[in-house]
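So the structure is just underneath, and the comments pick up after that.
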Amino acid sequence: MDMTPHEHLLDYDPDRMLQHFATIGEPTFRAKQVLEWIYEKSAPSLDAMTNLSKPLRQKLADRFDLFTSTIIRRAASKDGTVKLLLQWPDGATSECVMIPSEERKTACISSQVGCPVGCRFCASGLDGVQRNLTPGQIIEQVLRVRVEAELAGGRLSNVVFMGLGEPLANYDNVTRAVRTINAPWGCNIGARKITISTVGLPKQIRKLAEEGLQLNLALSLHAPSDTLRAELIPWAEKISLGELTMACRYYFEKTGREITLEYILLHEVNDRQPHAAQLAKFAKNFRCNVNLIRYNPVEGLPYDRPTSEATASFQKYLREHGVNSHVRTSRGLDIDAACGQLRRKEMQAANAPVQITLPPTE
Ligand code: SF4
C-alpha cells in the first residue's frame, strides 16, 4: 500500500502540474483540464472532473486532495456576511468571510493560524500564532468563499488579506497564493482587487513593491506617533513611522498604488484632535487615504468604542486638512465578524464545557 502522504492539489501551479502529468505519463493537456475544473468550473472534488478517465481520477486521488479543510462552522449574518470556520488536517482552524455589498463580493481571508502581532486591543492577538498557512490553504479559503458569493447570487470580485495573521510575516506563501488568485488560469481576480493588510514590515513592503503586482497595500497604523503605536502594537516597538514612510513612498513609486491607512478609533486613546492633527501630518508623507474604523469592545480588554461625535469630528479634521478619509461600517456584527472572534469562541469551547450558540446558518 502506498503510504506517501497526500499533497494539496491547490499547491500546484501550471508548471508543477505539467511536470507531474509528464512524470506519470499523462498528456499535458490533462493538466490544463484539471486546472479548468478547479478554477473555472469550481469542481468540488476530483471525482467531479468527468472528462478525465476513472483510472486517472483514481491515480490523482491516490496522491492528492483537492480540498483539505472541513467547514466546522458556517455563520450567516442578517446583512448577508457569511463567516466560515475551517479546520485543517492538523486540527488548526482558520476563518474566512464573504462580505457582500451592492457593487462587490469580497473574500476576507487569513494568512496564518492565529496572529503573532499581539495588538493590545485585539482578542485574537492574545492567543499568539500557531503556524503559517500554506499557499494551497490560502487559495482554498478563496475557493470556499467564492462558493458563498455564488450562493448569494454574485461573483467573487475582491480578496483582502485582513483575517488572522500578518501576511508579510508569511511572505513567500502569501505571494505564491496571490499569483494563483490573480492569474487568468487561476481565480482571475485583478491585482487591483487584492489587498494586503499589514502592520507594516518595511523590508517586506519594499520586496512586495518589486513583485511586479499592482496590489493594494493597507497599513494598519492605528496610532499617529511612535510612542502610542508601540503601546498598542508590540511589533511597532522596533519599526518607526519614519521607516514606514520611506517604505510606503517606495511602494507608491514602484506600483503607482495609493496606500490605505487603517486607523481603529479607540475611545480617548487615539481619537482626540491632537491625534487627528498628527495623523493628518503623517498622511501628507505619501499618497494615501484613511479608513477610520470604530472599535468594537472585546470583553476583558480595557478599550471602548469612540463616541459618534468624536468619530465625526476626527474625520472632519482630517478632511479639512486635505486628507481623504472614510468611516468604515462594521459588517456581520451579529456573527462575531471581527477578526478571529469565531475561532476564539470555538477554541474556548474546546477548552471549557461551555455551550456556544451561533446564529442559524440559513
Ligand atoms: Fe493580529 Fe490584526 Fe489582531 Fe493585530 S489586530 S493582533 S494584526 S489579527
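In each ligand, atom 1 is the first atom listed, and ligand 1 is the first ligand listed.
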So, Glu140 side chain and Thr68 main chain: donor-acceptor pair closer than 3.5 Å or not? yes

In terms of ring plane angle, is the pair Phe286 and Phe282 parallel, tilted or perpendicular, where the classes change at 30° and 60°?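 If you compare the ring of Phe286 with that of Phe282, the planes turn out perpendicular.
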
Could you tell me if the side chain of Glu166 sits less than 4.5 Å from the side chain of Ser111, heavy atoms only?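 When only atoms from C-beta onward are counted, Glu166 and Ser111 do not touch, as no gap falls below 4.5 Å.
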
Report yes or no: does Cys122 have an N/O/S atom closer than 2.8 Å to atom 3 (Fe) of ligand 1? yes

Which is closest to atom 6 (S) of ligand 1 by heavy-atom distance: Ala123, Ser110, Cys119? Cys119

Pi-cation contact, Phe252 with Arg249 (under 6.0 Å, within 45°): no

By number and element, which atoms of ligand 1 are closer than 4.0 Å to a non-hydrogen atom of Cys115?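 Here the atoms of ligand 1 in question are 1 (Fe), 6 (S), 7 (S), 8 (S).
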
